[in-house]
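Heavy-atom basis, side chains included; hydrogens, waters and symmetry copies ignored.
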Amino acid sequence: MSSPRLAFVSAPGSSIFMAEILQAVGQAVSAADPDLEVVHHEGRLEDVVAPGTAAVVVPHEYFAVCGDPGAAVRARTIALGVEHPGTGTFEVSTEHAARLGGWFEIAESSVQALAARGHRAGLFELGHVPGWDRWGGADDDRPVDVTYLGTADPRRLAVLATAAPALTGLRTELLIPPHEPMTGSRPDFLVAEDKWRHLAQSKVIINLHREEKAAFEVVRGLEAILNGCVIVTEPSTDLGPLVPGRHLLVAEPDEIGPVVRALVHHPERRAEIARAAYDLCRTDLAMDAQAAQLADVARRLADDPQEGPATPAAPDHGSEPVRSWAEVGAEPPMAEWVPAVPVPEPLPHLTTVDADLTGLRATRAARSRGLPGSLAGVCVVTDADGPATMTAASWPDGPSLVVVPPGDPVAARGRGAARNAAIASLDVDHVAVLDGGDEVLGDTLAHLSGMLDEDPSLDAVLCLASIGSEELANALVPELRRLESRAYLSRGFVVRREVLEALGGFTEDAALEDFVDHHFWLGLARSGGQVALSRHIGFRLWSREQDDA
């Protein structure tokens, strides 16, 4: 008689992050029950579930892509919930998990919240995962001072914006992707080996909660601890055996920045916390018992399934599965975005120039040889919104500042016309774009211009920027499908002059006065522009609302 089998199933097009969690849990189950055959499968449950075989899925992702496999398959399927109460994804996960044959959650708060609703789920608390450990507890040199690896939402961005002054001058790598399925690496999203090695090169990681939840981000925390990166988190539930002050630091959201800065400059304290947290994970957070419990449930379902726990039925989402987003002519759902400045919906039709940037890049590569651009980092400032004197004072030793005052006739024609007029007076290769009142933090201009000098394939470089003290702009990379529906990128970038000219300069259309930067980014994306995002907060953008407050 063949051994029972347990398949960890990831849907095509679902997040690779979820696949990493399933891989870690599968390894723990295999170690706890060697006689249970454990396999990993990307595809449909129907491909693998049969008598003698049970499966595990992350429900909120799997069913969004593949639909309902039918009662017989659901009865042999176990939910592994990884979301937390207080988020929309937790509600979606609950809806689907309630129809399955078994149910585990990775957080105690989730188990308790479900019990209050009449659902029964087991706890599978993640612990030491050898495959995530790229540190090994050795002393090392970490070039990155502060990192952040978390999806974007308005609340998280506000906390990071508040922390920006304290982070100035530190080497930061803030990776802030949108909250949507990530199927591979992106400039703002690291996968597997790249992610774990990045954490092993980082001194401190900032941990913030998404939406209204208060539970600790267990998976991200474990990945950081196993790679010697010290956690600074806002107040959290579900810390389990982690003791504040010993295994991590806890700070109120408005104190995150100062606490992080102090910790970066206190290597002995960092080493003490990193070692204590790592030793705890290695000794006290073994997953053997929980893995054995999951294996027992899998054996029961593989042999004698029964449909779902005694929980309220969830709506039927259809029985016809799809193998991937591409097969139905669609892309994964795109995260909603809250722009820094409200815009009308739908956005007005925006006509842009179709520029041949490929030819420009070929010519540039042949002539550049890594030489710096002439007067790189010249800043063009219009005085239409805020005080240009504030901008000039933020980098007194920088290149020339070009200002078009509000009394100038060209300024009356709008922001785009004022910028174009100022640029026309310059003899430069690179143009840094800010408006009056915007401030340069540290050596940002030199850093961004240097990125262009080092890589002739780049057309522009963008930098994270705080707006006032409570908003963060330019958190997402330029993407055509997102730019065609939302205006989410602002000023605070350096562009090659030849690229700007190829795009026809900044729009001077009076109807698009509030969309001058958006028009630029949309035109660059439609022309196939190559853009790099510097992952530190390099500008403080002036806000009339903040100034009035």
Side-chain angles (χ1 to χ4, degrees), residues 5-11 14-34 36-42 54-62 77-84 93 102-108 110-111 121-136 149-150 181-185 189-200 205 207 215-229 231 238 240-242 277-278 280-298:
R5 187 170 67 148
L6 178 60
F8 288 81
V9 179
S10 301
S14 61
S15 172
I16 195 168
F17 183 46
M18 301 305 165
E20 291 172 1
I21 296 173
L22 290 176
Q23 187 75 31
V25 174
Q27 290 170 355
V29 171
S30 183
D33 189 345
L36 179 66
E37 182 186 359
V38 173
V39 298
H40 294 268
H41 175 69
E42 181 179 348
V56 176
V57 297
V58 175
H60 79 278
E61 290 236 339
Y62 177 84
T77 301
I78 301 167
L80 181 67
V82 301
E83 297 297 313
H84 297 281
S93 179
W103 193 347
F104 287 84
E105 293 283 335
I106 67 169
E108 178 64 36
S110 298
V111 173
L123 177 64
F124 194 107
E125 192 172 27
L126 295 172
H128 181 248
V129 180
W132 295 354
D133 188 341
R134 295 299 176 276
W135 181 41
L149 309 177
M182 295 291 171
T183 58
S185 294
F189 183 78
L190 301 179
V191 171
E193 192 69 31
D194 288 340
K195 173 177 52 179
W196 301 320
R197 292 198 180 280
H198 172 76
L199 288 168
I205 185 171
N207 183 70
F216 181 64
E217 284 67 16
V218 175
V219 178
R220 180 68 70 242
L222 281 173
E223 290 180 312
I225 288 171
L226 292 176
N227 288 288
C229 183
I231 303 164
D238 279 347
L242 298 176
Y278 185 79
L280 176 74
C281 283
R282 292 292 301 269
T283 58
D284 294 359
L285 293 182
M287 296 184 285
D288 299 354
Q290 294 162 118
Q293 291 175 4
L294 195 155
D296 287 344
V297 173

Do [X] and [Y] make a side-chain contact, defined as non-hydrogen atoms from C-beta onward lying under 4.5 Å apart?
X	Y	answer
V56	L294	yes
L149	E223	no
Q290	E125	yes
L222	L285	yes
V219	L126	yes
S185	V191	yes
F216	I231	yes
R197	W135	no

Which atoms form the tightest heavy-atom contact between [X] and [Y], and what is the distance?
X	Y	result
M287	V129	CE-CG2, 3.9 Å
I205	A224	CG2-CB, 3.8 Å
G122	V111	O-CG2, 3.9 Å
I225	C281	CG2-SG, 3.5 Å
A32	A291	CB-CB, 3.7 Å
V29	A295	CG1-CB, 4.1 Å

For R134, does its backbone N or O pair with a side-chain atom of N227 as donor and acceptor, under 3.5 Å?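 Between the backbone of R134 and the side chain of N227 there is a qualifying donor-acceptor contact (under 3.5 Å).
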
Test V9 against Y62 for side chain to side chain contact (heavy atoms under 4.5 Å, CB included), laying out the working first. CA-CA 8 Å; V9 179; Y62 177 84; 4.0 Å; yes

With rounding to the nearest 0.5 Å, note down the distance linking [atom1] in [X] to [atom2] in [Y].
X	Y	atom1	atom2	result
H60	M18	NE2	CE	4.0 Å
E61	L80	CD	CG	12.0 Å
W132	I21	CH2	CD1	6.0 Å
H41	L22	NE2	CG	12.5 Å
L280	H128	CG	NE2	11.5 Å
I106	E83	CD1	CD	8.0 Å

What verdict does the side chain to side chain contact (heavy atoms under 4.5 Å, CB included) test give for L36 and R5, after you've listed the backbone C-alpha separation in whole Å, the side-chain angles of each residue and the deciding distance to 0.1 Å? CA-CA 6 Å; L36 179 66; R5 187 170 67 148; 5.8 Å; no

Using the rule given for side chain to side chain contact (heavy atoms under 4.5 Å, CB included), can you reason through D284 versus R282, listing the C-alpha separation, both sets of side-chain angles and the distance that settles it, and then say yes or no? CA-CA 6 Å; D284 294 359; R282 292 292 301 269; over 6 Å; no

Distance-only donor-acceptor check, side chains D133 and Y278, under 3.5 Å: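 Yes, Y278 and D133 have a side-chain donor paired with an acceptor closer than 3.5 Å.
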
Please report the C-alpha distance between F104 and I78 in whole Å, then the side-chain angles of each, then the deciding distance to 0.1 Å, and finally whether the side chain to side chain contact (heavy atoms under 4.5 Å, CB included) criterion is met. CA-CA 7 Å; F104 287 84; I78 301 167; 3.8 Å; yes

